[in-house]
Number of protein chains: 2
Amino acid sequence: MTIKEVCEVYKITPDTLRYYERVGVIPRVHRTAGGIRDYDETDLGWVANAICFRDAGLSIELLAEYVRLFREGDETFEARCDLLRGAREELLAARKKYDVALEKLEYKIAKYEEAVRTGTLSWDDEPGN
Amino acid sequence: MTIKEVCEVYKITPDTLRYYERVGVIPRVHRTAGGIRDYDETDLGWVANAICFRDAGLSIELLAEYVRLFREGDETFEARCDLLRGAREELLAARKKYDVALEKLEYKIAKYEEAVRTGTLSWDDEPGN
DNA sequence: ATACTACATGGAGTGAGCTCCAAGTCAAGG
DNA sequence: CCTTGACTTGGAGCTCACTCCATGTAGTAT
């Protein structure tokens, strides 16, 4: 699979994909004899995971560290597991912040919908909004 | 309340707080006669909201736009409501990505915990991990 | 053989969101 | 009155994660 095809599948630019490889977020991709990237199933798996985890806000550095450990072999099982657990904590903490913000948002939206109907806004409870 | 006190409460730096004010994420804060910031309840409310929404990933620009509309007065109720609804969609979409990533993470962590116990890893299902 | 297109590489440039710094001001203590 | 320390401002600098660019090459069409 060429880089262009992969880009179409995952809605990402070739530059980003090459960048991910360069900084080690995905391992080195297979090449044709002429040196052109030719993504196989395994490469695609790495790409999919990288995009998924980046979308969730995990850092380039964390993902690259995981790949580095992966390449070192089986004696890094625990290290990789620890890293993933850390990542999980990070994501859970971030999601909690989303929930707090969403709750605030819902409250405000309800207020505004009422305000649009009645023509007046009443911030009786929360200051400065 | 001085800028330092506000910073201690919200675990943020004075530079960030002044930056937020400069770019309009919060409206201009009250000052003492000497020009020193003196945060009142309303100012604190804006600060709390700004931090909450920034933590959830809403952009500086979106928050500043809200403040801009707020300052324009009551005829922007609808615009503000629309903006908030857009923000809600953004947050819901982002949270969905978190959930997908968390699910993947849980799966991997389970695999690794098994691997650490048994000494071998079996990626029978997913390629490239 | 020549032209064209899609890829390759290394390195520079960009935008968002802070973060730091120089120079100046003000209020309190000695 | 002078020093000290916490504040002020405008502007430069930094980090992260891309994104763009110049230059070169590989493969295909004419």
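Below, read A as the first sequence line, B as the second, and so on, with proteins coming before strands; counting in each chain starts at 1.
The distance from atom CD of A/Glu8 to atom C1' of C/dA6 is 13 Å, rounded to the nearest whole Å. Here C/dC18 presents its P atom at 10 Å from CG of B/Leu63, a figure rounded to the nearest Å. If you measure from atom CZ of A/Arg18 to atom C1' of D/dT19, you get 11 Å, rounded to the nearest angstrom. Distance, B/Glu21 CD to D/dG10 P: 11 Å, rounded to whole Å. Here C/dG17 presents its C1' atom at 7 Å from CZ of B/Arg54, a figure rounded to the nearest Å. The interatomic distance linking A/Asp38 (CG) with D/dA26 (P) rounds to 17 Å, in whole Å. As rounded to whole Å, 12 Å separates atom P of D/dT19 from atom CG of A/Leu17. Between the CD1 atom of A/Ile36 and the P atom of C/dT9 there is a distance of 9 Å, rounded to whole Å.
At the phosphate of D/dC20, neither OP1 nor OP2 sits under 4.0 Å from any side-chain N or O atom of A/Tyr19. Regarding contacts with the backbone of D/dT8, a side-chain N or O of B/Arg37 is found under 4.0 angstrom from either OP1 or OP2. Put simply, A/Arg31 has a side-chain N or O that comes within less than 4.0 Å of OP1 or OP2 on C/dT9.
The two residues B/Glu113 and A/Cys81 come nearest to each other via the heavy atoms CG-SG, 3.9 Å. Nearest heavy atoms, A/Val9 versus A/Met1: CG2-CE, 3.6 Å.
Where A/Gly57 and A/Gly34 each meet DNA chain D at their nearest nucleotide, the meeting point lying more 5' is that of A/Gly57.
Using a cutoff of 4.0 Å between basic side-chain nitrogens and carboxylate oxygens, B/Asp99 and B/Lys96 are not scored as salt-bridged.
Listed nucleotides: C/dC7, C/dC18, D/dC7. Nearest to the side chain of A/Ile3: C/dC7. With distances taken from any side-chain atom of A/Thr13 to the nucleotides C/dA8, D/dT19, D/dT9, the minimum falls on D/dT19. Listed nucleotides C/dG17, D/dC7, D/dC18 differ in distance to B/Ser59; the shortest reach to its side chain belongs to C/dG17. Nearest nucleotide to the side chain of B/Ile60, out of C/dC7, C/dG17, D/dT8: C/dG17.
Although no hydrogens or angles enter the test, the distance criterion places a donor-acceptor pair under 3.5 Å between the side chain of B/Tyr98 and the main chain of A/Ala56.
Looking at B/Asp15, its side chain comes within 3.5 Å of the base of C/dC20 through a donor and an acceptor atom. A donor-acceptor contact under 3.5 Å is formed by the side chain of B/Arg22 with the base of D/dG11.
The local environment of CD in A/Glu106 is crowded, with over 12 non-hydrogen atoms from other residues, nucleotides or ligands closer than 6.0 Å.
The residue A/Thr32 sits apart from the nucleic acid: no heavy atom pair falls under 4.0 Å.
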